[in-house]
Enquirer: 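Below are the structure tokens for one structure; questions will follow.
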Amino acid sequence: MKRAFHNLLPALTGAGLLHTALFTDLYLRYVKAGLRPLLIASGVILLLLALTTAARRPAGHADDHGHGHPDGHGHDHTGTPRVAWLLLLPALSLLCYAPPALGAYTAARAHDKPVTVQRGFAPLPATSPLPLTLTEFTKRVRQDRGLAIKGRTVRLTGFVTPAGRDGGWYLTRIVFSCCAADSQTVRVRMYGTPAPPADTWLAVTGTWHPRGTLGTATAQAALDVRDARPIAPPVNAYTDDLPLTPSS
């Protein structure tokens, strides 16, 4: 039983990693896209380890009839603690059940991602509405002394996070530096429309909400909403990039 457990756990974990990283986009719920090759390599190594262990005869066991066994009866009395079988649950979950994506509950408790200082800004395209990430919009509002964002209609994408007791809401993105454990949030305050249900993914069109002095740190990263349309969660849900279409 002990040997079977030692083989089954790495085999299931390896198969789960390969399933998640090779055939789905679910791995992006846990780590950044750049770590996909490492997940695939880890899955292959775990499967090879399980196969190698299953193929070789354990040291100190001449056969299955007790010869060479310390107690002479061929029975392994060490056993596997029952609690150890709980380790199979995470492995099985990779194959059978994908944990829910991080959302408003996590965002409300995560730290805000610092917005880096940008010394110069390129001219904005004439496109209207202008697609921007939440970070780009925030930088333009707080740092662009050229006021290029003033009066421009922009389109931002993210999910809904309630702002608190006042009934307001934020458009939010959760960003991984490496994995879910170090997630941070980027968010923009929305004005002019009631809060949609939490965790709803939206493409929001509007103009900067004039609060504070545009182009300085006093300006609030906020939007007067003209239109808010539900969208499917993008593949790159844990970056602050323009959304990628989910694979079919």
Enquirer: Just jot down the ring-ring contact (aromatic ring centres under 6.0 Å, His included) partners of Phe159, sequence neighbours excluded, or say none.
Expert: Trp201

Enquirer: Go through the steps for Thr157 and Leu242 under the test side chain to side chain contact (heavy atoms under 4.5 Å, CB included), then give the verdict.
Expert: CA-CA 8 Å; Thr157 57; Leu242 296 180; 5.7 Å; no

Enquirer: Any chance you could measure Leu134, atom CG, to Tyr170, atom OH, to the nearest 0.5 Å?
Expert: 13.0 Å

Enquirer: Would Lys113 and Thr135 count as a side chain to side chain contact (heavy atoms under 4.5 Å, CB included) here? Give the steps.
Expert: CA-CA 9 Å; Lys113 182 177 175 62; Thr135 298; 5.5 Å; no

Enquirer: For Leu156 and Leu132, work out which heavy atoms get closest and say how close.
Expert: CD2-O, 3.4 Å

Enquirer: With sequence neighbours excluded, tell me which residues meet salt bridge (charged side-chain N to carboxylate O under 4.0 Å, His left out) with Arg173.
Expert: none

Enquirer: What closest approach, in Å, do Trp169 and Ala195 show between heavy atoms, and which atom pair accounts for it?
Expert: CD1-CA, 3.3 Å

Enquirer: Rounded to the nearest 0.5 Å, what separates atom OG1 in Thr216 from atom CZ in Arg145?
Expert: 6.5 Å

Enquirer: Do the side-chain N and O atoms of Thr161 and Arg187 include a donor-acceptor pair separated by under 3.5 angstrom?
Expert: no

Enquirer: Treating Ile, Leu, Val, Met, Phe, Trp and Tyr as nodes and any side-chain heavy-atom pair under 4.5 angstrom as an edge, say whether Val115 and Tyr238 lie in one connected cluster.
Expert: no

Enquirer: Could you go step by step and tell me if Phe137 and Leu223 meet the side chain to side chain contact (heavy atoms under 4.5 Å, CB included) rule?
Expert: CA-CA 10 Å; Phe137 178 76; Leu223 202 72; 3.7 Å; yes

Enquirer: For Thr207, run the side-chain contact (heavy atoms from CB on, under 4.5 Å) check against Val154, Ile149, Asp224, Val225 and tell me which one passes.
Expert: Asp224

Enquirer: Using every non-hydrogen atom in the two residues, find where Thr116 and Gln143 come nearest and quote the distance to one decimal.
Expert: O-NE2, 3.1 Å

Enquirer: For Arg189 and His209, run side chain to side chain contact (heavy atoms under 4.5 Å, CB included): C-alpha distance rounded to whole Å, both residues' side-chain angles, the deciding distance at 0.1 Å, then the answer.
Expert: CA-CA 9 Å; Arg189 186 69 153 80; His209 177 77; over 6 Å; no

Enquirer: If hydrophobic clusters are built by linking Ile, Leu, Val, Met, Phe, Trp and Tyr wherever their side-chain heavy atoms come under 4.5 Å apart, do Val141 and Leu147 end up in the same one?
Expert: yes

